Every structure is written in C-alpha cells, then in structure tokens.
Amino acid sequence: MTLAKGHAFLMIPGPTNVPDEVLRAMHRPAVDIYDGPLLDITASCLADLKKVFRTTGETFIYASNGHGGWEAALTNTLSRGDKVLVLDCGLFARAWGEMAKKIGLEVEILPGSWRQAVDPQALQSRLAADRAHEIKAVMTVQVDTASGVANDVEALGQAIRATGHPALFMADTIASLGCMPFEMDAWGVDVALTGAQKGLMTPPGLAFVAANERALAAHQTANLKTLYWDWTFRQGSEHYQKYCGTPPEHLLYAFRQALDMLFEEGLEAAHLRHRLLAGATRAAVARWAEGGALEFNVLKDEERSNSVTVALTPGIDAKVLKSFCEKTCGVTIGGTIGEIGGSGIRIGHMGHVNAPMVIGALGAIEMGLSVLGVKHGKGGVQAATDYLTAALSR
Ligand SMILES: *Cc1c(COP(=O)(O)O)cnc(C)c1O
C-alpha cells in the first residue's frame, strides 16, 4: 500500500526544491553570449551576489557545483606547499581539506567533533602558537551538512583577528547562504563561496565565490592559479571571460529568478523562516528522542543548523525509515553520510520550503517510527506545530 502520490516532497539537504518560477525561467531559447540580455543578467547577478554575501568585494560565477567553488577559493589565493588549517566539524570540512591536499597544499586539521561547533578558542590558541605565520589560510564551513553543525563564523573571525594572524579566512556557505545570517565583511571573511542548489533554490551547476581586497592581493602571487578558475581572467572586459567560455545561460536565468524571489521575501525574512522551520523540526526530534531510539547528532541546541537537522537512530535501521517515508508517503529525507553514514537521518529544511512541507515530512517520519515499531516519544508533530503556534502568536 502506498500514499505516495501527489506532489513529491524533497526534504534532503541539497539539492533542494526548485520553485516553479525558477524552472519556468529556464524554459526559453538560448541567447547570444556576446550581446543582448545575458550581459545584463551577468552584471546584475554579480552585483546582487554582493548583497547576499554582504560584501563590497568581487564576486565570481562558475559553471560548476560547490566543489568548484572550493577549488576556485584555494587555487586563486594560495601557492604549492602553503599550509592551510581546516576546522573539523564534519565531512564537508574534511573533504575541502582533502581537496587542498590533492592540489598541493599542506593541510593541518584543527581537531574537532562532528557533534560540536568549532571552538573559537581552540582556533585562537592554534594561531597564536603559529608565530612564524606558516598557516596561510583558515578554512571553515558555516554549516556542515553531514553533521548538522552550524559554526559561529563571526566568533571564528574574531578569534583570528584577536591573534593578529595574517592567514586568509575562507568560509564555505554552501548549506547556509540564504538560510542563516552571513556577513562576509563584518565577520572578517576574506573568501566566501556557495553553490546554487541549496538555500539559493536554483538547479545544481553554479558556484559563487566572493573575494575581498586581502584575497585579491594574495591572488597576485598565488601560483596554484589555472585558467578556468582564474579571477584575473574572469575580470577581463569580454563577457565570455566571466565564465571562461560559454555562460551557463539557462542556469543564469534560473538564478536571476531565484534572487528576485529571495529579495522579494527579504533576506532577514528568509532567515527567520528557516529559523522557525528548523525550530519546529527540532521540537519534533526532541519529542521523539524521549523514547530513546533517536537522538540529535549535534549536542547543543545553539550549534544546530537552521538548514538541516541530523538525527542518529541507534534504535533502528535508518534506511528502513527513509524507505518508508519515500515509498509509502512520498517524502524523500536524507540518510547520514561520512563517519556516521547509515546510522541516522538528515532532514533538509532549506531553500524553498514552507510550514506544511516541514510538518508533512515530520508527519511521515512520525508514522514511520510507529509503523516500524520504534520506541519514540509520541507527539512530535504536535510539538512542531505547538512550536510554530507559539512563534506565530508572539
Ligand atoms: C553540498 C555541500 C558541498 C558540496 O557541494 P557540491 O555542489 O555537491 O559540490 C560542500 N559544502 C557544503 C557545506 C555542502 O553542504
């Protein structure tokens, strides 16, 4: 028996739901790449990205996924053999570090936990001990989508500045931009990057990078530069140089539409919506956890992401729960990956989501827990709606 008809719900932490308006924006013939409307789209997207990253720095658009953004950040600013410090808190932080190693950087990992945000004090101590300034860059994720950890990027920036250490500060905001506050300039981030397909509601295939003056100065002497990612080439006067080749036209139309929708809602309103939908999700998980078969991966509430909730399910096979949600209810939730792979679920509440989508997904999970005979606290959905009712009544 299945109830999985009607509109399928994609509740994974990326790619996320693409709004119909964004899909429709792509449904058009290809256009000229040397002249015409695409040039304005490029200019407006580059300018509006500054508003989203909250920077007066330079912005770049790549026809790539988030991994391309990672590579762009590293190769444009660093040289072979440079040492970088990776702030561990999950799979994505580490994977960016793995990439750094592959391209010829020396990688040091600041030890961390997948259940806790990076400790700014630990970062400060490590940098203070680096008197020779061997560390050339500090690499962090704002949200680690594998662990569900949300780092306090502002505090990490302060920790760096407190030591007077000159390392570049690089932040991956792939699973947080558009969902949670991010202040590139105010927080002292030198290079920020993100992808299209998470909070920015666009199909996968675009990466966005922002670089401030310090990063652009480092770029002058970096020797890892390659033509495709090269900021200098992309700042050239020809339109095709902005993409180092044919622009990803249809994705750009999609992204333009998504930006319009984000600005129409307002960045702060979007952040608040994510905060409330995350709060509702956490209220449900906290209730279920009372039964013991389920627990939050991230230990402290204030270190949990507003874009994804990661719950460990020691009492059950997470794959069976995931399969119930999808096959019986039409809701796709994520499974855990990396060192907690197979032992939990990831509920994405990121991008183009609303209350009924989140409550519906929580309802499917709650039914699954009951149908599968998992010991759990009853009334998770009630706790979620109570949470939202309280928030909406204030
Ligand atoms: C999804 C994600 C990535 C990887 O992005 P891709 O588009 O899959 O390359 C990197 N970092 C974080 C935090 C992510 O959530």
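Whatever order the structure lists ligands and atoms in, that order sets their numbers, starting from 1. These figures come from a predicted structure and were not determined experimentally.
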So between L206, T194, V143, I174, whose heavy atom ends up nearest atom 10 (C) of ligand 1? I174
Considering the heavy atoms of N65, write down every atom of ligand 1 situated less than 4.0 Å from one of them. 6 (P), 7 (O), 9 (O)
Does N65 have any side-chain contact (heavy atoms from CB on, under 4.5 Å) partners at least two apart in sequence or in another chain, and if so, which? H67
Under a 3.5 Å cutoff, is there a donor and acceptor pairing between the side chains of H352 and T16? no
For ligand 1, does D172 get within less than 4.0 Å through its side chain, its backbone, both, or neither, judged by non-hydrogen atoms? side chain
Provide, to 0.1 Å, the distance between atom 9 (O) of ligand 1 and the closest protein heavy atom, together with that atom's residue and name. H67 ND1, 2.5 Å
Among K83, K101, K136, whose salt bridge (Lys or Arg N to Asp or Glu O under 4.0 Å) with E108 holds? K83
Quiz question: by atom type and distance under 3.5 Å, do the side chains of S44 and R256 form a donor-acceptor pair? yes
Numbered atoms and elements of ligand 1 in range of W70, under 4.0 angstrom, heavy atoms: 10 (C), 11 (N)
Subset of ligand 1 atoms that lie under 4.0 Å from at least one heavy atom of T145: 12 (C), 13 (C), 14 (C), 15 (O)
Will you find, in the side chains of T332 and E326, an N or O donor that is under 3.5 Å from an N or O acceptor? yes
Please state whether K198 comes within less than 4.0 angstrom of ligand 1, counting heavy atoms only. yes
Please tell me whether H349 and S307 have a donor and an acceptor in their side chains that are separated by less than 3.5 angstrom. no
So, W231 versus E58: side-chain donor-acceptor pair below 3.5 Å or not? no
Heavy-atom distances under 4.0 Å decide this one: backbone, side chain, both or neither, for D144 against ligand 1? neither
Look at ligand 1 and say whether W96 reaches it with a heavy atom at a distance under 4.0 Å. no
Could you tell me which atoms of ligand 1, counted from 1 in the order shown, lie closer than 4.0 angstrom to a heavy atom of A175? 15 (O)
Would you say the side chains of W70 and D172 form a donor-acceptor pair under 3.5 Å? yes
Using a 4.0 Å heavy-atom cut-off, which part of Q197 comes near ligand 1: side chain, backbone, both, or neither? side chain
Is the closest N or O pair between G66 and ligand 1 shorter than 3.5 Å? yes
